[in-house]
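Before any comments, here is the structure.
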Amino acid sequence: MKPFSIATALVGLLSTAAASAGTSSVVLPAEFKPPQTFKNNNLVHIISLEKNYVKEQINVLVEVVAAEPQDEYYLPFTPAQMARVGGIEVKDRKDAGAGSFAVDAVEFDPLSDIQYYRIRLPTPLKTGEQQTLGITLYYLEAYKPLPATIAQDEAQYLVYDFSVYAPSVYPTLKQKTEVKAVSNNIPDYTKVPGNEENETFPQKIGSKLTYGPFGEKPAGASSPAQVRVEFNKPVTHVATLERDVEVSHWGGNVAFEERYTVYHRGANLTNQFNRVKWAQQAHFQAPTSALKEFRVPLQIGSVDPYFVDTIGNVSTSRFRSNKREALLELKPRYPLFGGWKYPFTIGWNSDAANFLRQTPTGGYVLKVPFFEGPKQSEGLEYKQVVVRVILPEGSENVKFHADIPEMSLVESSIDIHKTYLDTTGRTMLTIKARNLVDDFRDRSLIISYETPFMATLRKPAMIFASFMAIYVVAWATSLVEVGFSTKK
Ligand SMILES: *[C@@H]1O[C@H](CO)[C@@H](O)[C@H](O)[C@H]1NC(C)=O
Ligand SMILES: *[C@@H]1O[C@H](CO)[C@@H](O)[C@H](O)[C@H]1NC(C)=O
Ligand SMILES: *[C@@H]1O[C@H](CO)[C@@H](O)[C@H](O)[C@H]1NC(C)=O
């Protein structure tokens, strides 16, 4: 019950769906250059290669050097990074309760080889004032397998390119960069000259490389580096996830369906897949980069799950459901190796009471996860997520709040979805998002809407009417038959 009182309180924050909602960008002149208004006093850049996407954390103590108060801090990206960066969230490291700061893509010269996101500080800082920003972001399609092809039982290695100095449009007085791998096996990494204490960087301790501390570097300083790490796990990439959430007041049900197009972006097989060898590998539980299973924790109370691929129902799945969990374990028909694709669909139902509440004014509030999907130790990245929420017929005044980073939202719209037995068609909210990772699964989507009294009656009335029609037809048919029989 408790989450719902919060949900109701949140209704005031909901935005009305519009074609432009979510696309947060700011248009600036083509010759735009970020003004030199800040310096970075101290910066720690943590690059995590522990998942099949890259997570970067930049903690930076910034200080205003301009004469006027400043509230705009710019982050630079290459055009290639712009296409793959996702989930940017910025907080005050010393005041996490203050929430996330607004982050907008900057639209200016599209041909510029540096593009920007703009961070908006909640209160402008005066000259000499400081603030500690905690910036989190993700890169999808971040790695290249090296070697590009491997044998079925060989270890997989991935390469990641980065800069030893954190990219910044401001001078940085002091900084270090940490790279965290998933295993201690880091066969190759770029070495750079060190300082008085260490002749070269990085220092390698276990699965972590540390570059720096470095002294003052000018704005835009870069030092390209590459690291090659062992990664004996699937490099799973969801090109598209289409998630449908269908609300039925009349049936008291919420139906979920998710359609996935999954690719393995790891090393391809050198030779053809060998099933006998695979059985042996599986028997010895040898580490493998092949994808064998998805574990999908659903909301408690989920029922009637199904798992379908291009061939049909996949029976090799298990569903464990009780008061504490509803875990769907999916085993694809074959292990998925590098370069392979696997499209599939899963779906399930749940009692509407688990997600839907009526407001005191007669409206409704629906609270569902924005997306769910597998929870894998190696992670899961989503290039494109399309969530469609199909509301009861005649629903109006639809507002929503998706608790995912604003820069991940692409667009939203309201349409009419017509199905069999619908008279006016159902109201459908579509939200498109991009570059998400499984760190954001279970972030909520809250929707408020109203249904006019007549609209709630229409569906039962319609079904009643069609029963009547069948009854009338049946009655008429029997009359005819009676007519025939009397003629004989
Ligand atoms: C490198 O520097 C760190 C301190 O920054 C020190 O703990 C470490 O022992 C040094 N390593 C070498 C090989 O000098
Ligand atoms: C798949 O399984 C469901 C329920 O287990 C069943 O209703 C449906 O007919 C099956 N579909 C196919 C194509 O076998
Ligand atoms: C791996 O396989 C995929 C799909 O067949 C192909 O598109 C890709 O080019 C292959 N990569 C290499 C390095 O051979």
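In what follows, residues are counted from 1 in the order of the sequence shown.
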Check: What pairs with Phe307 under ring pair (Phe, Tyr, Trp, His ring centres under 6.0 Å), at least two apart in sequence or on another chain?
Finding: Phe344
Next item on the list: Any salt bridge (charged side-chain N to carboxylate O under 4.0 Å, His left out) involving residues 303-314? Give me the pairs, sequence neighbours left out, ordered by first then second residue.
Entry: Asp309-Arg333
Next item on the list: Taking only Lys NZ, Arg NE, NH1 and NH2, and the carboxylate oxygens of Asp or Glu, determine whether Arg259 and Glu242 approach each other closer than 4.0 Å.
Entry: yes
Check: Any donor-acceptor pair under 3.5 Å linking the side chain of Thr288 with the backbone of Ala290?
Finding: yes
Note to self: With a 3.5 Å distance limit and no angle check, can you tell me whether Thr270 reaches the backbone of Ile150 through a side-chain donor-acceptor pair?
What the structure shows: yes
Item checked: Aromatic plane relationship, His237 with Tyr263 - under 30° parallel, 30 to 60° tilted, over 60° perpendicular -> tilted
Next item on the list: Not counting sequence neighbours, list each pair that qualifies as a side-chain hydrogen bond (donor to acceptor under 3.5 Å, both in side chains) and has a residue in residues 47-58.
Entry: His45-Glu56, Ser48-Glu50, Tyr53-Asp438, Tyr53-Asp439, Glu56-Tyr160, Gln57-Asn59, Gln57-Thr136
Notebook entry, point to check: So Tyr138 and Glu381, side-chain hydrogen bond (donor to acceptor under 3.5 Å, both in side chains) or not? Walk me through it.
Noted result: CA-CA 10 Å; Tyr138 298 85; Glu381 61 180 32; over 6 Å; no
Next item on the list: For ring pair (Phe, Tyr, Trp, His ring centres under 6.0 Å), just list the numbers for His264 and Tyr334, CA-CA rounded to whole Å, side-chain angles, deciding distance to a tenth of an Å, and then say yes or no.
Entry: CA-CA 13 Å; His264 189 319; Tyr334 47 85; over 10 Å; no
Check: Could Arg388 and Glu246 be called an ion pair, given the rule that one side-chain N must be under 4.0 Å from one carboxylate O?
Finding: no
Next item on the list: Could you go through the salt bridge (Lys or Arg N to Asp or Glu O under 4.0 Å) check for Glu378 and Arg295 one step at a time?
Entry: CA-CA 12 Å; Glu378 71 275 12; Arg295 293 163 64 84; over 6 Å; no
Note to self: The test is side chain to side chain contact (heavy atoms under 4.5 Å, CB included); show your working for Val245 and Phe355 and say whether it passes.
What the structure shows: CA-CA 11 Å; Val245 180; Phe355 304 104; over 6 Å; no
Item checked: Straight-line distance of Ile46 CD1 to Glu178 CD, nearest 0.5 Å -> 5.0 Å
Next item on the list: Taking atom types as modelled, find out whether Asn274 and Gln152 have a side-chain donor-acceptor pair closer than 3.5 angstrom.
Entry: no
Check: Is it true that Arg426 and Glu393 make a salt bridge, defined as a side-chain N closer than 4.0 Å to a carboxylate O?
Finding: no
Item checked: For Glu450, all residues meeting salt bridge (Lys or Arg N to Asp or Glu O under 4.0 Å), sequence neighbours excluded -> none
Note to self: Please verify the inter-ring angle class for Trp278 with Phe337; under 30° counts as parallel, over 60° as perpendicular, anything in between as tilted.
What the structure shows: perpendicular
Margin query: With side chain to side chain contact (heavy atoms under 4.5 Å, CB included) as the criterion, how do Thr240 and Val386 come out once you've worked through the C-alpha distance, each side chain's angles and the decisive distance to 0.1 Å?
Written below: CA-CA 8 Å; Thr240 56; Val386 182; over 6 Å; no
Checklist line | Short N-O contact, Arg320 and Glu325, less than 4.0 angstrom | finding: yes
Next item on the list: Assess whether atom NZ of Lys383 is packed by more than 12 heavy atoms of other residues, nucleotides or ligands within 6.0 Å.
Entry: yes
Checklist line | Qualifying residue, where the test is ring pair (Phe, Tyr, Trp, His ring centres under 6.0 Å) with Tyr117 and the options are Phe101, Phe77, Tyr73 | finding: Phe77
Notebook entry, point to check: Between Arg84 and Glu141, is there a salt bridge with N-O shorter than 4.0 Å?
Noted result: no
Checklist line | Salt-bridge contact Glu372-Arg441 (side-chain N to carboxylate O under 4.0 Å) | finding: no
Next item on the list: Show your working on side chain to side chain contact (heavy atoms under 4.5 Å, CB included) between Asp403 and Phe370 and close with a plain yes or no.
Entry: CA-CA 8 Å; Asp403 184 24; Phe370 184 76; over 6 Å; no
Margin query: Could you check whether Tyr342 and Tyr260 have their ring centres less than 6.0 Å apart?
Written below: no
Checklist line | Residues in salt bridge (Lys or Arg N to Asp or Glu O under 4.0 Å) contact with Asp188, at least two apart in sequence or another chain | finding: Arg228
Check: Under 3.5 Å, is there a donor-acceptor pair between the side chain of Gln156 and the main chain of Ala267?
Finding: yes
Margin query: My understanding is that only residues two or more places apart in sequence, or in another chain, count here; which of them pass salt bridge (Lys or Arg N to Asp or Glu O under 4.0 Å) with Arg434?
Written below: none
Item checked: Trace of the side chain to side chain contact (heavy atoms under 4.5 Å, CB included) decision for Val227 with Val159 -> CA-CA 6 Å; Val227 51; Val159 163; over 6 Å; no
Checklist line | Check: Thr132/Lys94 side-chain N/O donor and acceptor closer than 3.5 Å | finding: yes
